[in-house]
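Working notes for the structure below.
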2 protein chains.
Amino acid sequence: MGAVRQGSLRELNLAVVLGRIAAAERPPSRADLAAETGLTRATVSAVVEDLITGRLVTEAEPAPRAGAGRPARGLVLAGDGPAGLGLEVNVDYLAACVVDLAGRVRHHTVHRADLRPLSPADALTRLVALAVRARTDAAAQGLPLAGAALAVPGLVDDAGTVRLAPNLGWRDVPVPALLAGHAPLTERVDGVPPLVVDNEANLAALGELHAGPAAPASFLHITGEVGIGAGIVLDGALFRGTRGWSGEIGHIPVRPEGRPCRCGGRGCLERYAGQEAILAAAGLAEADLPADTAATRLAELAEAGSTAALDALHEAGTALGVAVAAVVNLLDLDTVVLGGGYAPLAPWLRPPVLAEISRRVLTAAWSPVTVRPAALGADAAVVGAAGSVVRRIIAWPSGWLARAA
Amino acid sequence: MGAVRQGSLRELNLAVVLGRIAAAERPPSRADLAAETGLTRATVSAVVEDLITGRLVTEAEPAPRAGAGRPARGLVLAGDGPAGLGLEVNVDYLAACVVDLAGRVRHHTVHRADLRPLSPADALTRLVALAVRARTDAAAQGLPLAGAALAVPGLVDDAGTVRLAPNLGWRDVPVPALLAGHAPLTERVDGVPPLVVDNEANLAALGELHAGPAAPASFLHITGEVGIGAGIVLDGALFRGTRGWSGEIGHIPVRPEGRPCRCGGRGCLERYAGQEAILAAAGLAEADLPADTAATRLAELAEAGSTAALDALHEAGTALGVAVAAVVNLLDLDTVVLGGGYAPLAPWLRPPVLAEISRRVLTAAWSPVTVRPAALGADAAVVGAAGSVVRRIIAWPSGWLARAA
DNA sequence: CGCAAATAATTCAATCGCTGAACAAATAGC
DNA sequence: GCTATTTGTTCAGCGATTGAATTATTTGCG
C-alpha cells in the first residue's frame with residue numbers, strides 16, 4: 001500500500017463506489033451505496049457525479065420500486081463507456097473480442113487456421129487484422145477502447161515476451177516488439193501498456209470471475225487442452241506468482257513411477273489427463289481431429305455409452321482428482337472450475353475428481369469442495385482477456401477519468 | 001477495500017510510515033520517509049509525532065552520518081512499546097515468549113513434558129502458568145502486552161477451536177472456552193480477541209518473515225515434524241486459504257502406488273519424508289527418542305557418515321523435492337525454507353530437493369529457486385506467534401494508538 | 001574564526017474532500 | 001389534498017495534506 005495523499009481519498013472512493021456498483025445484483029441507489037460503504041450520502045453523490053460525467057456509470061431509468069418515498073434512481077455500469085479488446089492466439093485459431101464495462105460481449109470474431117506452420121510474426125500480423133476489425137466495429141458502436149490483452153498458451157514474462165509456448169512452437173517471442181509497427185496497440189498511456197500479454201489459463205480464470213456475479217471469491221480454474229493450465233483466483237484477484245508463472249499444474253506427479261514426460265519427470269498429470277492422453281486411451285487417434293472438436297467428440301462418445309471413452313474419462317478424472325486434491329490441500333480452496341476442454345466433459349470427470357478429493361482432502365469432511373464446469377466455454381480466454389481490461393478500469397477508475405478529461 | 005473516510009487518511013498514513021520504519025535496513029529520517037512515500041515532510045513530521053507520542057517509535061540518538069547539513073535523526077521501532085505474547089502447545093513441550101515491536105525476544109520459557117497423556121484442559125492450564133510468568137516478566141520490563149497468539153500442531157477454525165491435532169490427540173477442542181476463566185487472555189479489546197489460535201506451520205512461517213529484513217516477500221516454509229505442514233507467505237502476508245486451512249502439504253502424492261497413508265491415499269509425502277519415515281529408514285526406532293532430538297540425532301549420524309542415515313535423508317529429500325516442485329510449479333515461488341525438524345537436516349536434504357526442482361520445474365532454468373534452512377530453529381512457531389501480534393500493530397497502528405490514548 | 005552552502009525539521013496559511021444537518025424533490029397511503 | 005417517508009442536493013465546518021517560508025544544525029572553505 002502506497003502513501004495516501006490528499007487526492008488519493010477521492011481516487012480510492014471512486015474505486016470503492018464503482019466496485020460496489022459493478023458487484024451489485026441489482027442497480028443500487030446512491031442511498032444504498034452510502035449505507036453499504038459508510039460514506040455520507042453527500043459524498044456518494046459527489047463521487048457518483050464524477051463517475052457519470054466520466055461515462056463510467058449511467059442512471060437506470062426504470063428505477064426499482066420501493067414502498068413509499070422519493071423513488072431511487074438505480075446506477076449501472078455504462079454500456080457506452082470504455083471497452084476492452086481481447087485477443088487470443090492458439091494452436092488452431094485466432095480470436096478477438098470486445099467487452100464493454102458491463103461485461104457484455106459487443107464483438108467477437110474467430111479465425112480458424114493451423115497456426116503452427118506460421119512464424120510468430122506472421123501469426124501476429126494476422127491477429128492485427130482481427131484487432132483492426134474489432135476496433136472498427138467498436139468505434140461504430142461508439143465504444144472507446146481502453147486497452148487490449150492477449151491470451152497465449154504459454155509462459156509470458158513481465159515484458160510481454162512469450163518465453164515458451166510448446167504447443168505453438170514459440171520460444172522467446174517478443175510480442176510487443178513484433179507489434180511495434182501496429183499502432184494503436186503500442187502507444188503507452190498512463191504507464192499502462194496498451195497491450196498486456198498473459199497466459200491463457202490465467203485469463204480464462206478471470207473470464208470466469210467476470211462471467212457472473214455468483215462467482216466465488218477464490219477458486220481454481222483448470223484449463224484442459226493439450227497442456228493443462230490452472231488459473232488461481234484468490235479473493236477476487238488473479239494470483240500470478242512471483243514472476244507471473246503460477247498455475248503450472250500439468251506436471252504435478254500423479255503416477256510418479258509412471259509414464260515419462262517431456263518435462264523430465266515421470267507420471268505427470270498431463271500424461272494422464274491431457275487431451276492427447278485421453279484421446280489415446282479412448283482409442284481415438286489424435287491426428288484426425290482438430291483440437292477444438294476433440295472434447296465434444298469425446299463427450300458424444302461418452303453420451304452414447306462407449307466403454308472405451310467412459311473408461312478413459314474415468315482414468316483421466318482420477319488423475320485430475322489426485323492433482324486437484326493436492327492443490328486443495330495446499331491452498332484450502334472450496335471451488336474448482338473445470339474449463340477449456342474439460343467443460344463439456346465435466347459430467348464424466350466430476351465424479352472421480354470428487355472421489356479423490358473426499359479421499360485425500362482432510363478438511364473435505366467439514367466443508368465440501370464444489371466442482372463445476374466453467375460458465376464460459378472455449379471463449380473463456382478471449383473474453384477473459386477483454387474483461388481484464390475493463391476490470392482494471394473498474395478497480396482504478398481515476399486512471400481512465402484522468403485520461404478522458 | 002472498504003470506503004475511505006476523512007479520518008482514514010491519517011490511519012492509512014500512520015500504517016504506511018510505520019511500515020517503512022519497520023522494513024528499513026537502517027533508521028530512516030523523516031526526510032527519507034517523505035522522499036520514499038511521496039508525502040510532504042510536513043505530513044511525515046506530523047505522522048511521526050503521533051507515532052512517537054504513542055510509544056511506537058523512538059528517535060535513535062546516534063544519527064547516521066551524512067555529508068553536510070543538519071544531521072538527520074533516525075527513527076526506529078520503540079523497544080518499550082507494545083509487545084506480543086507467543087504461546088505454543090506441542091507434542092512434547094509447552095512454550096511461551098514475548099517479542100517486542102522491534103522483533104527482539106524479551107522472554108522465552110520452554111516447559112518440556114509429554115502432553116499426550118494430558119487432557120486438553122489440563123494442558124491449557126499448564127500453559128496458562130507459563131503465560132502468567134511471561135506476563136509478569138514483560139511487566140517487569142515495562143512492556144505492555146498487546147495480545148497473544150497460540151500455535152498448535154493442527155487445524156484451527158475461525159473461532160479458535162482446534163478441529164483436529166492428530167499428533168496431540170486433540171479433536172474439536174474449544175480453546176477460547178477452556179481459557180474462559182483465565183483473564184487477561186480472554187478480554188476482547190477493539191474487536192480483536194486477545195488470543196488468536198493458529199496452525200503451528202503458519203506461525204512458524206510468519207516467524208521466518210519476521211526474523212530478518214532479508215526475508216523474501218513470498219516463500220514456502222515447510223515445517224517437518226511428525227506431520228509435514230507448510231506456511232505460504234505471499235507478498236509479505238500469510239496466505240491462509242478460504243477457511244484458514246491452507247498448507248496441508250503432507251498428503252501430496254509422491255509415490256501414488258506406494259505405501260498406504262492414514263489419510264486414505266497412497267504414497268503421501270508424509271509417509272516418505274515425515275519424521276517417523278526418515279527415522280525408520282535410517283534404522284532408528286522412533287520410540288526411544290524424544291521428538292525434539294530426533295532431527296539432531298539424525299544430523300549427527302549423517303555427519304559421522306552413516307550410510308543408513310545418508311540414504312534415508314536422500315530418499316526423504318527426493319520425496320520432499322517432488323512435492324516442493326509441484327508447489328513451486330503451482331505458485332511460482334522463488335524461495336523454499338526448510339524449517340522445523342528439517343532445518344538441521346538441510347545440508348543433506350537440499351541437494352535432492354534442488355535436483356527434483358530442476359528436473360520438474362519448467363521455469364527453474366530461467367530463474368533459480370532458492371532452498372535454504374530456516375533462520376529460526378525449533379522456536380520459530382512461538383516466536384512467530386508473538387511476532388504475529390506485533391506485526392498486526394505495525395500493519396494497523398491506529399488501533400493501538402486509540403487504545404493507548 | 002567566520003561565512004556560505006547544504007540538509008533536516010517545523011510552522012502556517014491555503015486547499016481539498018468528507019461530514020452532518022438542513023432542505024428540496026418525489027412518491028405512497030390515507 | 002395532506003402527511004409520512006425516502007432520495008438526493010446544498011452548504012458551512014472541519015480535519016488532513018500541501019507548499020512555501022522559516023528555523024535549526026552541521027560541513028566545507030577561505
Side-chain angles (χ1 to χ4, degrees), chain A residues 2-17 21 26-53 57-75 397-398 401-402 405, chain B residues 1-17 21 24 26-53 57-75 397-398 401-402 405:
Chain A
V4 184
R5 324 260 315 244
Q6 179 74 251
S8 317
L9 248 179
R10 178 47 75 77
E11 292 182 1
L12 284 164
N13 283 331
L14 282 166
V16 168
V17 170
I21 294 175
R26 63 190 70 257
S29 68
R30 293 167 175 77
D32 291 337
L33 293 169
E36 278 178 40
T37 60
L39 296 169
T40 330
R41 291 201 308 266
T43 305
V44 172
S45 282
V47 168
V48 166
E49 194 179 315
D50 281 4
L51 292 173
I52 289 180
T53 59
V57 163
T58 49
E59 293 190 332
E61 272 319 320
R65 286 277 12 98
R70 172 175 171 174
R73 271 179 291 176
L75 300 169
S398 32
L401 294 177
Chain B
M1 182 75 189
V4 185
R5 323 259 318 239
Q6 177 75 249
S8 318
L9 245 179
R10 183 41 81 73
E11 291 182 2
L12 285 165
N13 282 332
L14 282 167
V16 168
V17 170
I21 295 174
R26 62 191 70 257
S29 67
R30 294 167 174 77
D32 292 337
L33 293 169
E36 278 178 39
T37 60
L39 296 168
T40 329
R41 290 200 305 265
T43 305
V44 172
S45 282
V47 167
V48 167
E49 193 180 317
D50 281 5
L51 292 173
I52 289 180
T53 58
V57 163
T58 49
E59 293 191 332
E61 273 319 322
R65 286 276 13 99
R70 171 176 172 175
R73 271 178 291 177
L75 299 169
S398 32
L401 294 176

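First the proteins, then the strands, lettered A, B, ... as listed; each starts at 1.
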Report yes if a side-chain nitrogen or oxygen of [X] is closer than 4.0 Å to either non-bridging phosphate oxygen (OP1 or OP2) of [N]; otherwise report no.
X	N	answer
B/R5	D/dA16	no
A/N13	C/dG17	no
B/S45	C/dA9	no

Between [N] ([atom2]) and [X] ([atom1]): distance, integer Å:
X	N	atom1	atom2	value
B/E49	C/dA9	CD	P	13 Å
B/L39	D/dG19	CG	P	11 Å
A/R73	D/dT9	CZ	P	6 Å
B/R10	D/dT18	CZ	P	11 Å
B/D50	C/dT10	CG	P	12 Å
B/L75	C/dA9	CG	P	7 Å
B/E11	C/dC18	CD	C1'	14 Å
A/E59	D/dT7	CD	P	14 Å

Query raised in the report: Which distance, rounded to the nearest 0.5 Å, do you find between the CG of A/L12 and the CZ of B/R5?
Result: 14.5 Å
Query raised in the report: What is the distance from atom OG of B/S8 to atom CG of B/N13, rounded to the nearest 0.5 Å?
Result: 10.5 Å
Requested in this report: Sort out for me which residue in A/T43, A/L75, A/V47 forms a side-chain contact (heavy atoms from CB on, under 4.5 Å) with A/V17.
Outcome: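 Of A/T43, A/L75, A/V47, side-chain contact (heavy atoms from CB on, under 4.5 Å) with A/V17 is met by A/V47 alone.
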Query raised in the report: Checking all strands, does A/A42 fall into the base, sugar-phosphate, or nothing category for heavy-atom contacts under 4.0 angstrom?
Result: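 Result for A/A42 = base.
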Report task. Pick base, sugar-phosphate or nothing for A/S29, based on heavy-atom distances below 4.0 Å to the nucleic acid. Result -> sugar-phosphate
Taking the minimum atom-to-atom distance to the side chain of [X], which one of [options] wins?
X	options	value
B/A31	C/dA8, D/dT17, C/dG17	C/dA8
B/T40	D/dG19, C/dC18, D/dT25	D/dG19
A/P71	D/dT26, C/dT27, D/dT18	C/dT27
A/R30	D/dT9, C/dT19, D/dT7	D/dT9

Report summary line: Note: for B/Q6 and A/R41 on DNA chain D, the residue whose nearest nucleotide lies more 5' is A/R41
Report task. Mark yes or no for whether A/T37, through its side chain, and A/L39, through its backbone, hold a donor-acceptor pair below 3.5 Å. Result ->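 A pair under 3.5 Å: yes.
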Query raised in the report: Which heavy atom of B/V44 sits nearest a heavy atom of B/A34, and at what distance?
Result: CG2-CA, 3.7 Å
Query raised in the report: Looking only at N and O atoms, is any donor in the side chain of A/R70 or the base of D/dT7 less than 3.5 Å from an acceptor on the other one?
Result: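 Indeed there is one.
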